[in-house]
Amino acid sequence: MTETLSDIVTRNALVHLVALLAGSLFLLVTGLRALRRENPEGFLYLTLALFLFLVHVFYISNFPDDSPVINPFADWSAWNWLVVLGAPSLILLYLTLGTYHLLALRVRQGIYGLFFGLTLLCFVYMIGGQWPTDVKGAVTLTWGTVWFNWELNPTL
């Protein structure tokens with residue numbers, strides 16, 4: 001059986017979309033931090049964040065409907081997007097940056113990142129697997145707000 005390019009893209013769509021969203025969020029925070037320190041390269045980071053987010057939206061809106069893989073984005077709402085794509089992006093960012101901070105000997109930031117990443121993983125997928133989508137979305141929004149405050153707080 002030969003696979004077409006659209007089959008390959010649809011099979012790995014969630015991984016691509018999570019990576020695009022995580023990259024966009026990371027560059028957004030990096031750009032805001034740079035602008036806070038009055039560095040002009042913050043505008044470049046914000047532009048790259050916008051570009052990655054627009055690619056993310058373009059990818060979702062042009063997902064092929066005629067592929068053998070079922071279109072997972074057919075009847076989505078903002079809550080579904082937040083839980084299915086936002087939560088893994090935040091978990092990826094928390095765990096990656098937490099590990100980086102631990103390796104850079106910033107133990108307190110590293111422990112915070114690993115703790116919040118693992119608790120979001122547990123709340124959304126393990127403990128809260130049967131919770132309604134809006135409850136999991138509210139938890140993801142709360143953890144996202146914590147992540148932005150944690151990354152933009154210069155005292156940590």
Side-chain angles (χ1 to χ4, degrees), residues 9-64 71-128 131-156:
V9 168
T10 55
R11 191 178 56 233
N12 298 321
L14 290 177
V15 175
H16 296 156
L17 288 168
V18 166
L20 284 170
L21 187 59
S24 177
L25 288 173
F26 177 75
L27 287 171
L28 175 69
V29 167
T30 305
L32 291 174
R33 242 188 287 154
L35 287 177
R36 180 180 277 177
R37 285 186 240 131
E38 298 179 2
N39 291 337
E41 57 269 352
F43 292 114
L44 174 66
Y45 295 138
L46 291 178
T47 304
L48 289 173
L50 178 65
F51 173 74
L52 288 179
F53 186 74
L54 290 176
V55 169
H56 174 83
V57 171
F58 183 77
Y59 199 159
I60 290 175
S61 64
N62 290 318
F63 197 78
N71 186 355
F73 311 114
D75 298 321
W76 268 30
S77 66
W79 289 115
N80 288 338
W81 175 84
L82 192 62
V83 170
V84 174
L85 298 175
S89 297
L90 281 173
I91 292 167
L92 178 68
L93 286 170
Y94 269 124
L95 295 179
T96 304
L97 292 174
T99 305
Y100 168 75
H101 288 304
L102 278 177
L103 293 174
L105 299 178
R106 288 179 258 174
V107 177
R108 187 169 132 193
Q109 283 181 320
I111 295 295
Y112 285 165
L114 292 177
F115 172 75
F116 280 106
L118 291 174
T119 54
L120 181 60
L121 176 73
C122 289
F123 281 153
V124 173
Y125 296 110
M126 294 177 178
I127 296 171
W131 292 352
T133 305
D134 54 345
V135 173
K136 291 192 277 188
V139 169
T140 304
L141 274 177
T142 304
W143 260 248
T145 305
V146 168
W147 184 74
F148 272 103
N149 288 336
W150 177 57
E151 284 294 321
L152 293 175
N153 189 356
T155 60
L156 290 177

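Fair warning: this is a prediction, and the values are worked out from it, not measured in the lab.
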Which atom pairs, donor and acceptor, lie under 3.5 Å between side-chain atoms of residues 22-32 and protein residues at least two apart or in another chain?
unit_1	atom_1	unit_2	atom_2	d
Ser24	OG	Ala49	O	3.0
Thr30	OG1	Phe26	O	2.8

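Atom NE2 of His16 and atom CG of Leu21 lie 14.5 Å apart (nearest 0.5 Å). Note that the CG atom of Leu14 and the CG atom of Leu85 stand 6.0 Å from one another [nearest 0.5 Å]. Separation of atoms CG (Leu120) and CH2 (Trp147) is listed at 12.5 Å; rounding is to 0.5 Å. Annotation: the span from Asp134 atom CG to Thr140 atom OG1 amounts to 11.0 Å, rounded to 0.5 Å. Here Glu151 contributes atom CD and Leu97 contributes atom CG; the two are 5.0 Å apart, rounded to the nearest 0.5 Å. We find the NE2-CG distance between His56 and Leu50 to be 13.0 Å, quoted to the nearest 0.5 Å.
A donor-acceptor distance shorter than 3.5 angstrom exists from the side chain of Ser61 to the backbone of Phe58, with no hydrogens or angles considered.
Aromatic ring pairs are classed by plane angle as parallel below 30°, tilted from 30° to 60° and perpendicular above 60°; the pair Phe116 and Tyr94 is parallel.
Scored by the ring pair (Phe, Tyr, Trp, His ring centres under 6.0 Å) test, Tyr45 finds no partners at all (sequence neighbours excluded). Under the side-chain contact (heavy atoms from CB on, under 4.5 Å) criterion, Val57 pairs with Phe53, not counting sequence neighbours.
Counting non-hydrogen atoms of other residues, nucleotides and ligands closer than 6.0 Å to CZ of Phe148 gives a total above 12. A 6.0 Å sphere centred on CZ of Phe51 holds no more than 12 heavy atoms belonging to other residues, nucleotides or ligands.
Across all non-hydrogen atoms, the minimal contact from Leu35 to Asn39 is CD2-O, 3.8 Å.
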Under the side chain to side chain contact (heavy atoms under 4.5 Å, CB included) criterion, do Gln109 and Tyr100 qualify, and how do the steps go? CA-CA 9 Å; Gln109 283 181 320; Tyr100 168 75; over 6 Å; no
Please step through side chain to side chain contact (heavy atoms under 4.5 Å, CB included) for the pair Lys136 and Tyr125, ending with a clear verdict. CA-CA 9 Å; Lys136 291 192 277 188; Tyr125 296 110; over 6 Å; no
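Checked against Ile91 for a side-chain contact (heavy atoms from CB on, under 4.5 Å), the options Val124, Leu118, Leu121 give a single hit: Leu121.
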